[in-house]
Amino acid sequence: MIDETASTTDDTQRDASIGYRDIIRALVRDPLVLVSVIFLTLLILSAIFAEIVAPMDPLIPNIFASRLPPLSYATGLDGTEQLHLLGTDALGRDMLSRLIFGARASLFVALVSVFVSGVLGTCLGVIAGYYGGWVETVVMRAVDAFMAVPSLLIALFVLFIIGGGLVNMILIFALVRWVVYARLARGITLSLRETQFVEAARAIGASNARIMLRHILPNMISPLLVLATLEIALLVLAEAGLSFLGFGLVPPEPSWGLMISRGREYMREAWWMITLPGLAIFLTTLSLNLIANWFRAVMDPVQRWRWLM
Amino acid sequence: MVDAKPLLKIENLVKHYPAPGHGLDKSRVVRAVDEVSFTLHRGETLGIVGESGCGKSTLARTLLRLVEPTSGKVLFNGEDLVGLSSKEMRARRCQLQMIFQDPFASLNPRMTVGQILSEPWVIFPDILPRAEWKERIWYLLTRVGLSADDASRYPHQFSGGQRQRIGIARALSVNPEVIVCDEPFSALDVSIQAQVINLLEDIQQQFGLSYVIIAHDLSVIRHCSDRVAVMYLGNIVEIGTWEQIYGNPLHPYTQALLSAMPEVRTKDRKERIILEGEVPSPLNPPSGCRFRTRCHRAQPDCAQNKPELRVRAQSHQCACIHIHD
Amino acid sequence: MAVVDVKADMQSDQPVLDVRDLKVTFQTPRGHVHAVNGVSFHVEKGEALGILGESGSGKSVSVGAIMGLLESPPARIEGQVNYRDTELISAPASVTRSIHGDRIAMIYQDAITSLNPSLTIGNQIGELFKVHRPNMGRREIQAKSIELLEAVGIQPARERVNSYPHEFSGGMNQRIMIALGIALSPEILIADEPTTALDVTVQAQIMRLLGDLRGQIDMALILITHDIGLVAENTDRLMVMYGGGPVETGPTDAIIERPAHPYTIGLLNSIPHDDMKGKKLIAISGSPPKLNEMPKGCVFAPRCAMAKDMCRKEIPVMTRIAPDHSSACHFAQEVVDG
Amino acid sequence: MKINNAFFAFILKRLLNSVILLVIVMSLVFFANRQIGDPARMVLGNGASEEAVLNLRTQMGLEDPMSQQYGRFLYGLATGDLGKTFRFGLSDSVRAGNDANALSTLPIAMDRLPATLILAGATIIFSVLVALPLGLYAAARPRSPPDRAIGVLSLAGVSIVEYWFALVLVLVFAVQFAWFPTSGYGTVAHVVLPALALSLRPIGRITQIARSSLLDEMAKPYITAAKGRGIPMRRVAAVHALKNAAIPIVTTIGDETINVVTGVIIIETIFGWPGIGALTVDALSIRDIPLVEATVFLLVLMVLTINLLVDVAYAFLNPRLRIG
Amino acid sequence: MRNTVSTKSLALALAGVLAAPAHAAGGGELVIVGNQEPQSMQAQVAHKEVNGIGLRNVIEQLTRLDPETNEVLPMLAVSWEQIEPTVWHFDLRDGVKFHDGTDLDAEAAAVSINWLWSPENSYPVRDMMGPQITAEVVDEDTVAVITDGIDPLLPRRMYLGGITSARQILEEPEDHSVNPIGTGPYVFDEWKQGQYWTSTANPDWWGNSADDTYGEIFYDSVRVVWRPEALVRSAMVESGEAQVAMFLTREECDRFGAASGIDCMVKGSDTFLQFRLDYQGAHPLLQDQKFRKAIFTGINWEGIRQNLMSLSEPLAGQMLPSVATGFADGIEQYAYDPQGARALVDELKAAGNEIPTLEVTTRLGSTPRNGEMIEAIGAMLGAVGIPTRIAVEEPGIFNPRAVAKPTPDRSYAWLHVQANPLMDYALTFGAHYTCAGNVSVFCDPDFEARANAAAELTGDARHEALEALVVEGHERHIVAPVGLLQRAYGVVEGFEWDFGVDHRIVAVNMRETK
C-alpha cells in the first residue's frame with residue numbers, strides 16, 4: 001500500500017530523482033546522520049589542512065617523551081613545554097597530530113582507490129551492459145574471477161609480490177574492488193538500456209557513447225554514490241587489516257592502520273596508542289555507513305516516505 | 001491524399017530473436033515479426049492493432065532500426081534503411097521519429113526539458129544554429145500546449161499527459177516526416193487521452209506528417225487511422241482502410257477483436273465472439289494459419305496451408321483461406 | 001464467517017455494504033493529502049456497482065480503506081464502512097480479518113505481482129481455507145482448490161494446482177486471482193481494474209467469467225475501472241469519482257444516457273466514438289488536480305467549460321436529479337437538461 | 001517439491017563455471033608466483049653456488065619452457081598434486097622424490113581445512129542466529145526506537161576494527177573473567193572468542209539485509225493481496241514475505257561466509273587457530289610458493305563451493321529457477 | 001633495570017636445587033608459548049632458538065656450554081682432542097640410545113654430522129660454520145671431525161649441531177624434517193602443524209644416571225605452542241594456560257613482576273642488535289668515512305637503546321660483551337653528535353657530493369620495537385640532513401633461505417639482530433665482514449685475509465688478532481652495535497629455570513615449586 005500512497009500523493013515520487021531540499025530536510029530530521037556528516041566534513045577539512053590544524057610535526061620523534069598518556073605535558077625538542085592533548089606514541093610523537101595526518105593518509109588511500117576503481121569499474125560495467133556480446137562475457141568473466149577470490153587474499157598476494165606502500169596499495173584496491181562497481185553498473189545499464197528514454201535517444205540519432213555518457217551514467221549516480229561511500233568505509237578498514245599483517249603503508253607516514261598495528265604491542269600499558277586510532281577508524285567507517293544507509297533509504301522510492309516524514 | 005509513390009514501403013520484414021535458453025540452437029527462435037509488408041503514404045496514418053505479444057512493438061522498433069531486422073527491406077523515400085551503416089542510419093533518424101508508450105520512462109529524469117528537446121541539435125549541429133535553439137524550444141513547447149518556462153524544469157515536475165506532450169515535442173524537434181507512435185495513449189487517463197489525440201491530429205495537419213500508430217484500443221485506432229493493419233503472432237492478418245476493417249472485417253480474428261471491444265452504447269451491441277485461450281508462444285507458433293488454434297471458424301485444412309495476405313477488395317487484404325467472397 | 005448470521009441474510013432490503021462519508025488523509029512530507037474526501041455509497045445484495053475514475057480520483061484508496069489495506073500512519077481513515085451490522089473501520093483486526101477475504105473479497109489489477117511468487121497456487125488457495133475455515137481437512141481443501149481452479153477455467157486443475165504463478169500467463173493469473181476471490185463465496189467481490197493489464201480478447205473472457213460466477217453464487221460486484229466501456233457493459237449502478245470524491249451516482253444506463261455532471265459528459269466525449277470519426281474529439285482541458293493542491297470550491301471547476309464564479313467558491317453537494325441519480329454539480333439540473 | 005532437469009542443468013552449469021574459474025585463478029597464481037623470485041635459490045639459500053642453483057633448477061624443471069611447466073602445473077592441478085613444500089629446504093622436498101605425503105603441499109593445507117571450516121561455520125551459525133531475529137524484529141517495527149538502535153548497532157558491527165576487538169575480547173573474557181581460553185584449538189570453548197570476534201561484521205550485515213529485504217517484501221502487492229484476504233499479519237510475514245525475503249538474505253549469508261573464510265587470516269593469527277588463513281600468511285612470508293598455491297587453491301575452492309551452495313539454496317527458494 | 005633473573009626467583013631456584021630429590025618426574029605438563037612455529041624439526045633448526053623452540057629437549061649435541069661461564073662442557077661426547085690442526089677426535093658417551101632404539105655410535109654420529117653440515121643440504125646453520133666440517137668413524141666410540149681449515153672453535157661449534165638418528169637420515173630422510181629422533185630427555189610425540197608440538201619424558205635418558213648430567217626431568221611432558229601476538233602470549237600465562245611465555249616487553253615484564261601469581265624472568269642473551277650500513281652500496285659516498293661517521297654519530301644509539309629497545313644491555317661500541325674473544329678494551333659507543341654529523345654532511349655537500357637517500361630496513365618482529373627504532377633512526381638522520389626511506393620487511397616466520405641480500409642498486413642499512421653463541425669475533429667477521437657472506441655488508445679482501453688468519457689462531461694470539469680487527473672495524477664505521485638483547489619470560493609464580501645466554505628452553509632445567 002506504500003506504493004499506492006506514493007503514486008497517489010505525488011507524481012514526483014514515481015521518479016528516482018528527489019530535490020536536495022528534501023534531502024536536507026531529511027538530514028535535519030536524522031540527528032545521527034547529521035552528526036556523521038558534520039564529523040566527516042571536519043575530518044576531511046582537518047586532513048586537508050593538517051599542517052595548519054595539527055599542533056605538532058607528526059614525524060619528529062622525541063624518544064624522551066614516549067608513551068605519555070593524554071593530557072600530558074612534555075619538554076619538546078626545542079626545550080619548550082608542550083601539551084600532548086591525546087598523549088604520545090612510542091617515539092614520543094604527538095598522537096593528535098599523528099591522528100590528523102593519519103586521517104590524510106587513510107582517507108587518501110581510500111578515496112583515491114575508490115575513485116580509480118569506481119571509474120574503472122563503472123566504465124567497464126556500462127560498456128559490458130550496453131554492448132553485451134563478447135565484451136560483456138569477457139568483463140563479467142573477469143568479475144566472476146575476482147569475486148571468486150576474496151579481495152583481501154588478492155591484496156595480500158599482490159602486495160607480497162610488489163611490496164607495500166601508498167601507490168601500490170591504491171593500485172591493489174583499485175584492482176580488487178572495480179568489480180563491485182562493474183557488477184552494479186552493468187546491472188543498471190542492462191535495465192536502463194531497455195528504457196524508452198534510451199530508445200528515444202537512439203531514435204534521435206544519439207551515438208552509443210553519448211547514450212552511455214548522457215543517458216545511462218547520470219541515472220546510476222545515486223546507487224554508485226551509495227556504493228562508493230560503503231567502499232570507502234571498507235577500504236579504511238582494509239588498510240588497517242593489511243597494515244596489521246605488515247603489507248600496508250610504509251612508516252613513518254602516519255596512517256590509522258599503521259598506528260593501531262603498532263599500538264597493539266602497548267595495548268595494556270598505553271591504551272591510547274591503539275584505542276584512539278581504532279576509534280578514529282570506527283567513527284569514520286560508522287559515519288560513512290550511516291550516511292550510505294540513510295542515503296540509500298532516502299533514494300529508495302519504496303522506503304522514502306518513511307524518511308521524509 | 002494518397003501519393004502514387006509511398007513514403008515508406010516495408011517489404012517482408014522479419015525479426016527473429018534467439019530463443020531464451022537455447023543460445024546455441026539457431027533454429028529455435030522467437031518469431032516476433034514474420035514477413036510483414038505494408039506501405040505508408042505521405043500524410044497518411046496507419047493504425048496497427050493486435051494483442052500484446054503479436055509483435056507490433058517489435059515491428060515499430062524494427063522499422064526504425066532501433067532493433068536490427070533479421071531480413072527484409074525498409075524503403076524510405078526509395079532508400080533501403082536496412083542496408084545502411086549505423087552512421088548513415090543515424091543521419092536518417094531525423095526523418096523517422098518515435099513517440100513512446102510510457103511518458104514516465106521515455107524522458108531522461110536527469111535532463112531538463114530544454115536539454116531533452118535540444119539534444120538532437122547537439123548531435124546534428126546542422127539542423128539548427130545554436131542561436132535559434134531557445135526560440136525553437138519555446139515554439140515547440142507552446143505548440144504542444146506547454147509554456148516556455150517549462151524548458152528549465154525536469155520531467156518529474158510534470159504530469160503524465162504533459163510528459164507525453166514533451167515526448168511529442170521531442171519527436172517534432174528534428175522535423176521528421178514519419179512518426180511511429182507506440183501505444184501513445186495507453187498510459188494516459190481518458191480525459192487526457194483525447195487531448196493528446198487532438199494534438200497529434202493537429203500537428204499532422206500542420207507539418208504534413210505521416211503516422212504509424214500502434215495501439216490495442218480499437219476505438220482509438222478507428223478514430224485516428226486512415227488505414228488499419230491487424231496483427232496476430234508476428235503476421236499481418238488483415239489490412240485495409242478503416243471503413244473496410246471496421247465496417248466489413250473479413251478475418252475471423254478481426255471480427256473477434258471488434259466484438260470484444262467494450263462499447264459504451266450498450267444498445268447496439270453485436271453478437272460477441274469470445275476467443276478461447278490466449279496468444280500462443282511465438283517460439284513455437286501453430287502450423288498453417290497461426291490463428292487456427294483460437295479461431296471459431298477453423299477447419300482442418302487451416303493446419304496445413306499458411307494463408308497468404310490476398311487482396312479481397314480494393315486495397316483490402318486478408319490472410320485467411322476460408323474467405324470466399 | 002461467524003459474522004454472517006442468517007437473520008442478516010434475510011434482510012434483503014438492507015444494503016450488504018454501506019459506506020458513509022469515507023475520508024482518507026495521508027501524512028506526507030509536503031503536508032496532508034486528502035486522497036478520499038467524503039465518499040458514500042452502498043452495495044445491494046448481488047448487484048454490480050461500478051466505480052469509474054481516472055488515476056488520482058481516489059477510487060483505489062477508497063477500496064483500500066474498505067479492505068483495511070492502508071497502513072496507518074501515514075493513512076488516516078475517517079467515516080463508516082458498514083458490512084451488514086459490522087462497522088469495519090473501528091472494528092478490531094480480529095473481526096475485520098474474518099470478514100476480509102471471506103465475506104468481502106478483492107481481486108487486483110496486476111495479478112502476477114499480487115500472487116506470491118514462491119508459493120504454489122494450491123498453497124495460496126489452501127491457505128485461504130486454512131485461515132478462514134479451520135475445520136476443513138487437508139484433503140477437503142485440496143479437493144476444493146481443484147474444484148475452484150476448474151470453475152475459473154484452469155485445466156487440468158489437478159496438475160496445475162501445484163504450479164507457481166510464473167508458470168501461467170497474465171490472463172491465467174487473473175483467473176487464479178478470481179479463484180482466490182470467490183473461494184469462500186463472498187457476498188461482495190471488489191475488482192480493482194481487473195482487466196487493465198490484459199488484452200481485449202482476454203478481458204472479454206475474464207468479464208464473462210466474472211459474470212457467470214456472480215450468477216452462480218449471488219455475489220455483489222464492485223468494479224473499479226477507468227474504462228467506461230467496461231462499466232457500461234458490466235454494471236448496474238455507477239459511481240463516477242473525480243479528485244477524491246464522487247461526482248455522480250446512479251444507474252449505469254441512466255448516467256451514460258443522460259449524464260448529470262460536466263465531468264461525466266467530458267469523459268463520455270473523450271472516448272472516440274464511431275460518429276466522431278474525422279472530427280475533433282471534445283476533450284476536457286487541463287489535467288486532474290494534484291491531491292495536495294486541491295482547488296477551492298468544486299474540484300472540477302478549473303477544467304469545467306460551464307464553471308461559474310460560484311463553482312470556484314462553493315463545494316457542491318450531491319443533488320438528486322432522478323430517484324436514484326445524483327450529481328455533485330451546482331448546476332446538475334441544467335446539465336441534464338442540456 | 002518439484003525438481004526438474006532445468007534445475008540440475010543450472011547446477012551443472014554453475015559447477016562447470018566454478019571449475020573453469022578455479023583453473024583461471026590458479027593459472028594467474030601460477031604465473032604471478034613465477035615473478036617472485038627463483039624457487040631454486042629460495043630452496044638453497046643465498047650461500048649456494050650458481051652451479052648448485054642451476055643444477056636444482058634443472059632438477060625442479062624450472063629450465064623447461066614455460067609452456068611445459070604450465071602443462072605440468074595443470075596436470076598437477078587435475079591430479080591434486082600441487083608440489084612439495086619448500087620450507088624444509090632441499091633435504092627432502094626435492095631430493096626425496098618419492099611420495100612423501102607429509103611434504104606435499106595439498107595435504108599440508110588440507111590438514112588446516114577443518115579448523116577454518118569449524119571457525120567459519122561457528123561464526124556464521126552464530127551470526128545468523130543473532131542477526132535474523134534482530135533484523136526481523138527491527139523490520140516488524142520500522143523507524144521505532146528499537147529499530148533505529150538495531151540499525152546503528154549493526155552498522156557499528158560492520159565498522160569496527162576486527163583485530164582490536166579480538167584483543168579486547170582476549171583481555172576481558174580470557175584474562176579478566178577467565179571464561180574462555182585465550183587462544184588455541186581443540187574444544188568448544190576455544191571457538192568462542194575467535195568466532196565472536198569474526199561475527200561482528202556478518203551480524204551487522206545480515207541484520208541489515210534481513211530488515212531491509214523483509215521491509216521491501218512487505219511493500220509488495222502480493223502482501224497487500226494476502227492481507228486483503230484476511231490472512232493474519234504474523235502469517236503474512238512468516239509464510240509469504242519471509243520466503244521471498246530469504247533470497248537476498250541467503251545471498252548475504254553466502255557473501256559473509258566468504259568474507260569470514262578470508263577474514264580468518266588475521267583472527268587465526270591472533271588466536272593461534274590452526275586454519276588455512278594463518279597458513280597462507282606463513283607460506284607467503286617464507287615464500288613457500290607451492291604451499292601458497294595449495295592454500296590459495298583451497299581458499300578459492302571454498303569460496304566457489306559456498307557460491308555453489310548459495311546457488312543451490314537460491315534455486316530452491318526461487319521456483320523460477322527451479323522450474324524452467 | 002632487570003639485568004639478571006629476578007632475585008625472588010633466583011632465591012627460589014637455589015632453594016629448589018638444594019632440596020630436589022634425584023628423580024622428580026611427575027610435574028605434569030610444561031606448556032611453553034613461543035612467538036612462532038618452527039619451520040621444521042630438522043636437527044639444524046636447534047641451533048637457533050627462535051626457529052626451533054624446545055627442540056633441544058629432544059635433540060642433544062656433542063658438547064654444551066656452561067650457562068654461567070660459557071665454557072664448553074661434555075654432552076654426548078665425553079671428551080675431545082685435537083689430533084691434528086684440522087682433525088678432532090670426539091669420544092662418545094657409552095650406552096646412549098636414540099629414541100628409535102638405535103645406538104649412538106661413531107657411525108651414527110658421523111652420518112648425523114655430515115648430514116647437518118653438508119653443502120648439499122645447504123642448511124642455514126652453515127652460516128655459523130667456519131671451514132667446512134666433515135666427520136669420519138675412528139672406532140666404535142670415537143668420531144673424527146675434520147675441518148677444511150684450522151678451526152680452534154670446533155668443540156664450541158659442535159654445540160650448535162644436533163645429533164639425530166642415522167637410521168632415519170639414511171632410510172627416511174623426508175621424515176627428518178618433521179619427526180626429530182634424538183637422544184634427549186624428552187621423546188618427540190607429535191607436531192600438530194599450526195598448533196603445537198609435544199614430547200614426553202624419556203625414562204631411558206642417559207642424564208638420569210650420569211654424573212655430568214645437565215639437568216633433571218621434572219615435567220612429564222612438554223608442549224610447545226606459539227602465538228605471534230605478544231598480548232595473547234602473556235595472557236596465556238596470566239590465565240594459567242602456559243607456564244612460560246617467551247619474549248615479553250619491558251613494560252609487560254614490569255607488570256608481570258608486580259602482579260601476583262605470575263612473574264618475569266630476564267637474562268641477557270648472546271644476541272645483539274646492530275646497524276649494518278652497506279659498504280658496497282650504489283652510492284660512492286657510502287665508502288666515504290666522513291659520510292659513514294656522520295651517519296654513525298647522527299644517531300643517538302644510547303637513547304634508542306634505553307628508550308626504545310625493550311630490554312637490553314649496553315654494548316661498548318662493539319658487538320660482543322667483554323667475555324668474548326677479541327673484545328677490544330677502550331672502544332666506546334659512537335657518541336651522539338648531531339651538530340658534528342650535520343657539519344660533516346654540510347662539508348660533503350659543499351664538496352659537491354650528492355647525499356644519497358639511505359634505505360633503512362628492518363624485519364618486523366625480529367626484535368621488539370625495531371619498527372619504532374628505524375623510524376627514530378630515519379628521523380634522526382633526517383635531522384642531520386641525510387634523507388632516508390624506511391622499510392619494514394615481512395613479519396612472522398622468516399625464511400633465512402630467502403634473505404634478500406642488499407642489491408647493488410640500493411644504499412642500504414639494516415637494523416637487525418645477530419646471535420653469536422660462540423662469543424668469538426671470528427664468527428661475527430665470518431658472517432659480516434667477508435665478501436662471500438650471506439648477510440655481509442663489507443668486503444675488503446685484505447681485512448678478510450687477516451680475519452681468516454686470526455680465526456685459525458688460539459689463545460692470546462687469537463684474542464689480540466681479533467681485537468685489532470675489531471678496532472679497525474670500529475674506526476671504519478662498518479657496523480654500529482646498538483645493544484645486547486635481554487630476553488624476558490613471563491612465567492607462573494614459583495617457576496625455576498636455570499638458563500644460559502643461549503636461552504635454550506630445556507625442560508630439565510625447569511621446575512615449579514608451587
Side-chain angles (χ1 to χ4, degrees), chain C residues 1 3 60 63-64 66-71 73 88 93-121 123-133 159 162-167 173 176-177 180-181 183-184 186 190 192, chain D residues 1-7 10 139-145 147-148 213-251 311-324:
Chain C
M1 53 159 182
V3 180
S60 286
V63 292
I66 293 167
M67 293 303 288
L69 298 177
L70 301 184
E71 238 177 81
L88 296 179
S94 55
V95 173
T96 57
R97 264 211 306 273
S98 65
I99 294 172
H100 292 142
D102 187 339
R103 301 290 84 218
I104 310 175
M106 180 159 174
I107 60 177
Y108 302 83
Q109 171 175 357
D110 195 355
I112 185 80
T113 62
S114 299
L115 290 168
N116 189 332
S118 64
L119 294 178
T120 64
I121 58 170
N123 279 339
Q124 299 190 49
I125 298 173
E127 181 183 43
L128 204 51
F129 291 115
K130 256 183 239 161
V131 170
H132 290 284
R133 303 281 184 275
E159 284 166 32
N162 291 322
S163 301
Y164 290 89
H166 76 270
E167 297 174 79
N173 274 314
I176 295 162
M177 281 298 314
L180 279 165
L184 302 173
I190 302 177
D192 186 2
Chain D
M1 197 106 2
K2 285 198 295 184
I3 299 172
N4 65 357
N5 292 338
F7 173 67
F10 167 76
R141 32 188 82 63
R143 302 272 295 164
S144 66
D147 172 39
R148 307 206 65 177
S213 57
L214 195 66
L215 273 183
D216 285 353
E217 218 49 54
M218 290 299 281
K220 289 197 172 159
Y222 74 86
I223 294 293
T224 311
K227 280 192 250 173
R229 290 199 287 274
I231 299 178
M233 265 310 287
R234 193 159 296 186
R235 193 184 161 89
V236 168
V239 176
H240 291 264
L242 202 53
K243 196 166 177 200
N244 290 301
I247 292 172
I249 296 175
V250 164
T251 310
D311 281 338
V312 172
Y314 193 89
F316 262 101
L317 289 168
N318 188 349
R320 275 165 204 276
L321 275 178
R322 188 149 28 98
I323 296 156

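Labels below follow one simple rule: chain letters A, B, ... track the order of the sequence lines, proteins then strands, and each chain is numbered from 1.
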Spatial distance of atom CD (C:Q124) from atom CZ (D:R229) [nearest 0.5 Å]: 6.0 Å
Pick from C:T113, C:V131, C:L184 with the largest number of heavy-atom pairs that fall under 4.5 Å of chain D: C:T113
Separation between CZ of C:R97 and CZ of D:R235, rounded to the nearest 0.5 Å: 11.5 Å
Which atom of C:S118 lies closest to which atom of D:N244, heavy atoms considered: OG-OD1, 3.0 Å
CA sep, side-chain torsions, deciding dist, call: D:V239, C:N116, side-chain contact (heavy atoms from CB on, under 4.5 Å): CA-CA 10 Å; D:V239 176; C:N116 189 332; 5.9 Å; no
From C:H100 atom NE2 to D:I231 atom CD1, the distance as rounded to the nearest 0.5 Å: 13.0 Å
